[in-house]
Trainee: 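Below is the structure I would like to discuss, written out as structure tokens.
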There are 2 protein chains.
Amino acid sequence: MDERDVRLLKAIADLGTGSPEKLHEATDIPVSTIHYRLNNLKDDGVIENDLYDIDLEAFGLGVTVVVEVLADYSGSYEEVGNKLLEIEGVTQLYFTMGETDFIVVAHLADSDRVERLISDFEATPEVERTNSTFVISAMRDSHRALQSYTLETLLDELGIED
Amino acid sequence: MDERDVRLLKAIADLGTGSPEKLHEATDIPVSTIHYRLNNLKDDGVIENDLYDIDLEAFGLGVTVVVEVLADYSGSYEEVGNKLLEIEGVTQLYFTMGETDFIVVAHLADSDRVERLISDFEATPEVERTNSTFVISAMRDSHRALQSYTLETLLDELGIED
DNA sequence: GAGGGTATGGACGAACGCGACGTGCGCCTG
DNA sequence: CAGGCGCACGTCGCGTTCGTCCATACCCTC
């Protein structure tokens, strides 16, 4: 995996499309080369399916951390949240009820990077305290939430008659 | 949104493809209707992009919960984890270091369903205690982890020369 | 039974997937 | 250093698939 692969994958993530033509426009990589690269990435298991889900482990972001963030959001929580969103590696950001204010899931290259992540958090003035938990194994880390449901349950819970 | 829409979206999630032909095989919905339906879902904002990311709020799974699970995994943690994975609504499951054993992110239809989720957890013999946190606002809930990085950082952290 | 929304089938042009082939570059070997 | 080999990249072309348009059929509702 080299720079071009990374640019390609990032373009897919940013644009939200797998269209070779669009990716060409964004990356300047010739369309045929995009095919060539994507095929290799599929063979290598970095790309998992037609939806371009990425195996973060294979890609090189194998470290997952869950961070609880306590913050003083005397302004609005959105304001603080947006600052946290700008920190690199933050994949999920939840504003929550209860003891902690934000819960963050981050995907990082290695455990050394966790340090930087935390110091990025602490460098945000509104952040008062953080509490990080290392993930040993991500047994499921999917955005395809519907997978975990049966069709019946979905119809049921959404109140749809057959 | 009706049964067919749900079947379509679930097929996309299960198969990991957006190919109309494959979806037709899986759902028995005519190809032209698949086009018709998917277009409507895009217009309605349920499907967000070419990667078929789903707006869970628009879909009807607008409630997010983060649950810490304490378990007795005298067997293997995989064994317990696999049981937890079977519980409907579990989108992410992390086996972690530290005080808690598992951290779960779940997407549910409404807050009533949280009750059932928790009782599903508690019904698992190995589970000793759970601690759930409601999400007020999911400020980012993306699987496209690369979005949060700049190209430079990615290259840097993966140790790729330009 | 008239009319709006919804669903389906067919047909056509456009886009895509993929294999075949050509080129350039580095590296080994004689 | 010449020649040969292999890999990565790019170009071309063809068969397939996709997406859209239009015409028709369905089905409630009034």
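Protein chains get the first letters and strands the later ones, always in sequence-line order, with residue 1 at the start of each.
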Trainee: For B/Glu57, I'd like to know if atom CD has over 12 heavy atoms of other residues, nucleotides or ligands within 6.0 Å.
Mentor: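 Counting neighbours around CD of B/Glu57, 12 or fewer heavy atoms of other residues, nucleotides or ligands fall under 6.0 Å, so no.
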Trainee: Please report, rounded to the nearest Å, how far the C1' atom of C/dC16 is from the NZ atom of A/Lys42.
Mentor: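 The distance from NZ of A/Lys42 to C1' of C/dC16 comes to 11 Å, rounded to the nearest Å.
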Trainee: Would you say B/Ser19 reaches D/dC18's phosphate, i.e. side-chain N/O to OP1/OP2 under 4.0 Å?
Mentor: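 Checking B/Ser19 against D/dC18: at least one side-chain N or O falls below 4.0 Å of OP1 or OP2.
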Trainee: Take atom CG of B/Asp43 and atom P of D/dT20, then tell me their distance rounded to the nearest Å.
Mentor: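 For the pair B/Asp43 CG and D/dT20 P, the rounded distance is 11 Å.
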Trainee: Is any side-chain nitrogen or oxygen of B/Arg37 closer than 4.0 Å to OP1 or OP2 of C/dT8?
Mentor: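 Result: no.
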Trainee: One pair to check against side chain to side chain contact (heavy atoms under 4.5 Å, CB included): B/Val105 and B/Val65. What are the steps and the verdict?
Mentor: CA-CA 6 Å; B/Val105 179; B/Val65 193; over 6 Å; no
Trainee: Among C/dT8, C/dC16, D/dC9, which nucleotide sits nearest the side chain of A/Asp2?
Mentor: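 When the side chain of A/Asp2 is considered, D/dC9 is the closest of C/dT8, C/dC16, D/dC9.
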Trainee: So does A/Lys83 pair up with A/Glu78, basic N to acidic O under 4.0 Å?
Mentor: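 Salt bridge absent between A/Lys83 and A/Glu78.
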Trainee: Rounding to an integer number of Å, can you tell me how far A/Tyr36 OH sits from C/dG22 P?
Mentor: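 Whole-Å distance recorded here is 18 Å.
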Trainee: Starting from P on C/dT6, measure out to CD1 on B/Ile34 and report it in whole angstrom.
Mentor: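 Distance check: B/Ile34 CD1 to C/dT6 P gives 19 Å.
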Trainee: In whole angstrom, what separates B/Leu23's CG from D/dG19's C1'?
Mentor: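 Taking CG of B/Leu23 and C1' of D/dG19, I get 14 Å after rounding.
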Trainee: Tell me: CG of B/Asp50 to C1' of D/dT17, nearest whole Å?
Mentor: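 Atom CG in B/Asp50 sits about 16 Å away from atom C1' in D/dT17.
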Trainee: On a plain distance test, is the side chain of A/Thr33 in donor-acceptor contact with the base of D/dG10 below 3.5 Å?
Mentor: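 Counting by modelled atom types and ignoring angles, no donor-acceptor contact under 3.5 Å is found here.
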Trainee: Between C1' on C/dG9 and CD on B/Glu21, what's the gap in Å once rounded to a whole number?
Mentor: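 Those two atoms, CD and C1', are 14 Å apart.
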Trainee: Using 30° and 60° as the class boundaries, would you call the ring planes of A/Tyr73 and A/Phe102 parallel, tilted or perpendicular?
Mentor: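 The rings of A/Tyr73 and A/Phe102 stand perpendicular, inter-plane angle above 60°.
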Trainee: Please report the C-alpha distance between B/Leu61 and A/Leu146 in whole Å, then the side-chain angles of each, then the deciding distance to 0.1 Å, and finally whether the side chain to side chain contact (heavy atoms under 4.5 Å, CB included) criterion is met.
Mentor: CA-CA 9 Å; B/Leu61 295 177; A/Leu146 270 39; 3.9 Å; yes
Trainee: Using a cut-off of less than 4.0 Å, is there contact between a side-chain N or O of A/Asn39 and OP1 or OP2 of C/dG19?
Mentor: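 So the side chain of A/Asn39 is outside the cut-off, no N or O lying under 4.0 Å from OP1 or OP2 of C/dG19.
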Trainee: Find the distance B/His24:NE2 to D/dG19:P and express it as a whole number of Å.
Mentor: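 It works out to 15 Å between those atoms.
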Trainee: Under 4.0 Å between a side-chain N/O of A/His35 and OP1 or OP2 of C/dC18, yes or no?
Mentor: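 Checking A/His35 against C/dC18: no side-chain N or O falls below 4.0 Å of OP1 or OP2.
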